[in-house]
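Report on the following structure.
Heavy atoms only: backbone and side chains are in, while hydrogens, waters and symmetry mates are out. By convention in this document, chain letters (A, B, ...) are assigned in the order of the sequence lines, proteins followed by strands, and residues within each chain are numbered from 1.
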Amino acid sequence: MTTRAIATHRVVAHLDLDAFYCQVERRDLRAKTAAGRRDGRASAEDVPLVVVQYNPFERGGVRALAPDDDRELRDGFENHSLIAVSYEARARGVKRNMRGREARALAPACAVVQVPTRRSKADLTLYREAGREVAAVLARGGTIERASIDEAYLDLTESAKKVLEETAWATILEKARTSHAAGASAVSGKGYASVAWWNRDESEWREEEKLLAAGAYICFNLRKACVDELGYTLSAGIALNKMLAKLTSGMNKPASQTVLCPDHTSTLLDELPIDRIRGLGAKFGRELADGLNVKTIGELARTPLRKLEEVCGEEKAQWVRKVSLGLDDDPVKAREMPKSIGTGKTFRGALAIRSIASAKHWLAELTAELNDRCEADEEEWNRVPKLLTLGLSSPDERETSSGHCSRRCPLRPGADEMAQDALTLLSKWASGRERWSITGMSVSASNFVSLEKDSGDVVEMFKNATKAAKAPASVSATPAASPIKADQIDKNVLAELPEAIQREIRASMGLLDKSTGGGVKRKNEITNYFSKKR
DNA sequence: ATTCGGTGGTAC
DNA sequence: GTACCACCG
């Protein structure tokens, strides 16, 4: 009877790294301390920490700082814009959109770390790679959709069913119950009432609640793996769809996860401010709120569909109606790779670009970075981009549009080629006007096509590893077989592989001793590498 | 308070 | 093909 219902329910998790850039920098500081490279400064642990992005008009400007350099700012050089604030700093009232100086005033011991720079601009490679490492771990749990550098959705439906079949309920519960149960307070009337919800007798659990519990169990294991293997904490929300999972993941931060009790979805949404729902946080949400004179999702749910349609048209009205009822059928798309790679820089005020020579210089810098990242991407995912897009911000565009425009052309690989083509696009744009100025430039690569896999000795050699890596996912208390066994790979061979892949292999071997199941996927780096034309 | 450097998606 | 939107640290 309930078996029919199972098929209609999904288990979706939204996972989000806590103050991600700060965690990456914290780990970096730890490593530098251990290597004796922080000349006697205090330990990096528990100190408030903020990450700043240079401000070209501040003292220090765009200082050239490689990831490996000492990037802790001091001596009055730290008054740049904050882009990430650790929870220790938040506890002292430090907020994003403050400057370094304000952070220091509130938290004198605060470590102020500047983002790495390269080619006279911010270089986010350090964070991108850390994000990828995390995604690789999360991908063991189920279908992953990377939503940003530090966020992902997982469809845990199948994995959760499997866990329910293979794992004792008590075992699942033991880990799942460390999650907050959102809405449970409505049942018990207590503040921290998760306990009451988790304490119910097994017979009182509906099938979809059990699936959510299994999802929470998987999530717990994945988050633990991220802490154990990478040293990063995440927060997570587990619910019946993406929208609810996203809403739920932010309820208990940092380093904890929340399950949304299905029975309490409408209670939760009823008084929720409209802008808390993804997609309603900005202009569209304001238009709805103003047009209908409503403030909460509950009010939105009670608005006649006709009125919704008047404000935003039929299609959007449908979406709004469903979302206001807690429904969202947007699938978790299997996508671990980015769809585009881009880089840009702003040139405000006096820094605006007004000559072709200057434009040429910056395009060369931008395309050099773009080319580096495309080459790394090809190495990792065995694909190449086919489309180059130049983006421009210019006050000259403001009369006709919002001040931005873009032009595209076929992408020819190579930094010089990209620079040339981007300059051609820019020249065409500029040739239409006498005087011009550019306040922002970006280049991006997209329309990726995969390179054919071909047979080769390497593939043959690692056939077993590839086969094992394709085994179905399993995240349980009893680990499945590891994709690659230690004795399958020659030590010397291992040493010659790229660092990321070495890590991957070591991690998959390490899983044998860990509580987070192995036998999974993460085939991308490994199988791509092995199936790649060498 | 909305900087700077990104991402993905949709309307037309 | 381009403009614009929403959201992230």
**OP:** Summarise protein proximity over nucleotides 1-8 of chain B in one line of letters, 5' to 3': B for base, S for sugar-phosphate only, - for none, counting protein heavy atoms closer than 4.0 Å.
**Re:** B-BBSSSS
**OP:** Could you check whether Leu280(A) gets within reach of a base, just the sugar-phosphate, or nothing at all, counting any heavy atom under 4.0 Å?
**Re:** sugar-phosphate
Original post:
Nearest heavy-atom pair of Ile149(A) and Phe20(A): which atoms, and what distance?
Top reply: O-CE2, 4.1 Å
Subject >> Flag for Thr157(A)-Arg10(A): side-chain donor and acceptor within less than 3.5 Å >> reply: no
**OP:** Could you tell me whether Tyr127(A) contacts a base, only the sugar-phosphate backbone, or nothing, with contacts defined as non-hydrogen atoms closer than 4.0 Å?
**Re:** nothing
Subject >> Salt-bridge present (Asp228(A), Lys224(A); N to O < 4.0 Å) >> reply: yes
Original post:
Can Arg278(A) and Asp330(A) be counted as an ion pair, charged N to O under 4.0 angstrom?
Top reply: no
**OP:** Mind checking Cys22(A) for me? I need base, sugar-phosphate or nothing, with any heavy atom below 4.0 Å counting as a touch.
**Re:** nothing
Subject >> Contacts of Arg407(A) that satisfy salt bridge (Lys or Arg N to Asp or Glu O under 4.0 Å) - sequence neighbours left out >> reply: none
Original post:
Side chains of Gln257(A) and Leu222(A): closer than 4.5 Å at any heavy-atom pair?
Top reply: no
Original post:
Going by atom types alone, do Gln23(A) and Tyr127(A) pair a side-chain donor with an acceptor below 3.5 Å?
Top reply: no
Original post:
Using atom P of each nucleotide, how far apart are dG5(B) and dA1(B) to the nearest Å?
Top reply: 23 Å
Subject >> Shortest non-hydrogen contact between Ala255(A) and Ser235(A), atoms and distance >> reply: N-OG, 3.2 Å
Subject >> Euclidean distance, atom NZ of residue Lys316(A) to atom P of dG9(B) [Å, nearest integer] >> reply: 15 Å
Original post:
So what does Ser406(A) touch, heavy atoms closer than 4.0 Å: a base, only the sugar-phosphate, or nothing?
Top reply: sugar-phosphate
Subject >> Leading and trailing nucleotides of DNA chain C with any atom under 4.0 Å from heavy atoms of chain A >> reply: dG1(C) to dG9(C)
Original post:
Counting any heavy atom closer than 4.0 Å, what does Leu387(A) reach on the DNA or RNA strands: base, sugar-phosphate only, or nothing?
Top reply: nothing
**OP:** Evaluate the side-chain proximity of Lys316(A) to Phe284(A): yes if any heavy-atom separation is below 4.5 Å, no if none is.
**Re:** yes
Original post:
Rounding to a whole Å, what distance do you find between Asp328(A):CG and dG9(B):P?
Top reply: 14 Å
